[in-house]
Amino acid sequence: MSPVEIPLSAPDITDAEIEAVVSVLRTSRLSLGPKMAEFEAAMAAYVGAPHAIAVSSGTAGLHLALLALGIGPGDEVIVPSFTFIAVANAVRYVGAQPVFADIGPETLNLDPASVAVAITTRTRALIAVHTFGRPAPMAALLDIARRHNLLVVEDACEALGAEIAGRHVGTLADAGIFAFYPNKQLTTGEGGMVVTGNSEVAQRIAALRNHGRYKSGPGAPDCTAEPADPWFEHAELGYNYRLSEIQCALGLAQLARIDAILARREAITRRYCDLLRDDPHLLLPATDVPGQRLSWFVFGVRLAPAFSCADRDRVVNTLAERGITTGRYFAPIHLQPAYAAWRESTYLPITESVAARTVALPFFNRITDEQMERVCTALQCALRVESKFPA
Ligand SMILES: *Cc1c(COP(=O)(O)O)cnc(C)c1O
């Protein structure tokens, strides 16, 4: 009999959250209603941002943030390759050119030195991704941006709750994006949120997500009112990137217990570290970084440099045979078929070396101690089989 499967990720939805969703279904407002306004206000308050705009996904948020900041054809935007493909795709959606920079081997975030050498006369912006919930080196990145007059977008999709010097990531630059896919710290099924301190950018994002509707005539523009309102006109090419009331109700209920969620995820991380510490085959992620609060999206371990990508893949397959799903996070974007045109001109040794040897372990709020022990035992057995070290 094969053992019970341990998934890579699993949602954590309480009865109260199910109730919150059902109660929206008993009302007559399923989109652009009070739950969206409440969710936006609660997110803005939680991260400490002046404006928050709910959107249908993190990708939609990236797209609209770049558009609202005026990035377009002819512009270059510096991005990491060791991340989710949506980061570079959003740059292409607005007609700009992604330029890949390398990461630091320990932080897995953009390496400021690599960013500096990627800057050309066309560079307009950089996207700092807070990878796996570890804050990017914002002070150094913002300093480079200031010197070269670049816009900075923070992709905080993996980092809700992470902080630098007491300030939430996502609020440290021109715009920040959060995402609520089921594997994230907070989920709405699908969803995202853009935060910004710039009221014009906020207003434009709110209009662009709703078919480019602005309220015409004098008075405060209200981009969230009923579509049937005769005061609306479509001022520019917009999109349908709205988040439904049902999703916003779920997000609000999840946000109400975000501290407990983040604490649970940190406890899982520490347990994994205790179980795997002192294994010479593995490099574990840092759990304590001075001046930062980490928020755990996934728990990724790196095989020692003696291991190859093929060794890593065999370890992943061995675990899969034992019912344990792990992730090959991340396959570098510049090596994806959709980025064949970038491959020749992109040289990212740290990204390629880290990506070849990283394994993301099962990581979800309700994982049990016994499941974590099973994962670690199976991982260590598989590593011994592949071991490059003398016994
Ligand atoms: C999850 C994620 C996104 C957004 O993903 P969606 O599926 O569009 O919500 C964007 N960037 C990063 C780095 C992510 O991890």
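From a predicted model like this one, the values you see are computed outputs, not experimental measurements. Keep in mind that the numbers below use all heavy atoms, side chains included, and drop hydrogens, waters and symmetry copies. Each ligand, and each atom within it, is numbered from 1 in the order the structure gives.
Near Val129, meaning under 4.0 Å from one of its heavy atoms, ligand 1 places the atoms 13 (C). For ligand 1, the atoms closer than 4.0 angstrom to any heavy atom of Ala179 are 4 (C), 9 (O).
Note: an N/O pair closer than 3.5 Å links Gly58 and ligand 1 by distance alone.
Among all non-hydrogen protein atoms, the one lying nearest atom 5 (O) of ligand 1 is Phe84 CE2, 3.7 Å. Residue, atom and distance of the protein heavy atom nearest to atom 12 (C) of ligand 1 are Asp155 OD2, 3.4 Å. The single protein non-hydrogen atom nearest to atom 8 (O) of ligand 1 is Thr59 OG1, 2.4 Å, given as residue, atom name and distance.
Residue nearest to atom 13 (C) of ligand 1, selected from Glu190, His63, Glu158, Lys184: Glu158 (by heavy-atom distance).
In this structure, Asp369 pairs ionically with Arg271, as a charged nitrogen and a carboxylate oxygen lie closer than 4.0 Å.
Cation-pi geometry between Arg314 and Phe307 is not satisfied (NZ or CZ under 6.0 Å from the ring centre, within 45° of the ring normal).
Considering Asp111, Val115, Leu110 in turn, Leu110 is the only one that fulfils the side chain to side chain contact (heavy atoms under 4.5 Å, CB included) rule with Pro80.
A ring-centre distance under 6.0 Å is not found for Phe297 and His130.
Applying the side chain to side chain donor-acceptor pair (under 3.5 Å) test to every pair with at least one member in residues 348-366, sequence neighbours left out, gives these pairs: Asp12-Asn365, Asp12-Arg366, Asp102-Thr351, Arg265-Asn365, His334-Glu352, Ser353-Arg357.
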N/O donor to acceptor pairs below 3.5 angstrom from side-chain atoms of residues 279-286, sequence neighbours left out:
| from | atom 1 | to | atom 2 | distance (Å) |
| --- | --- | --- | --- | --- |
| Asp279 | OD1 | His281 | N | 2.8 |
| Asp279 | OD1 | His281 | ND1 | 2.8 |
| Asp279 | OD2 | Gln380 | NE2 | 2.9 |
| His281 | NE2 | Ser387 | OG | 3.0 |

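With a 4.0 Å cut-off on non-hydrogen atoms, Thr83 touches ligand 1 through its side chain and not its backbone.
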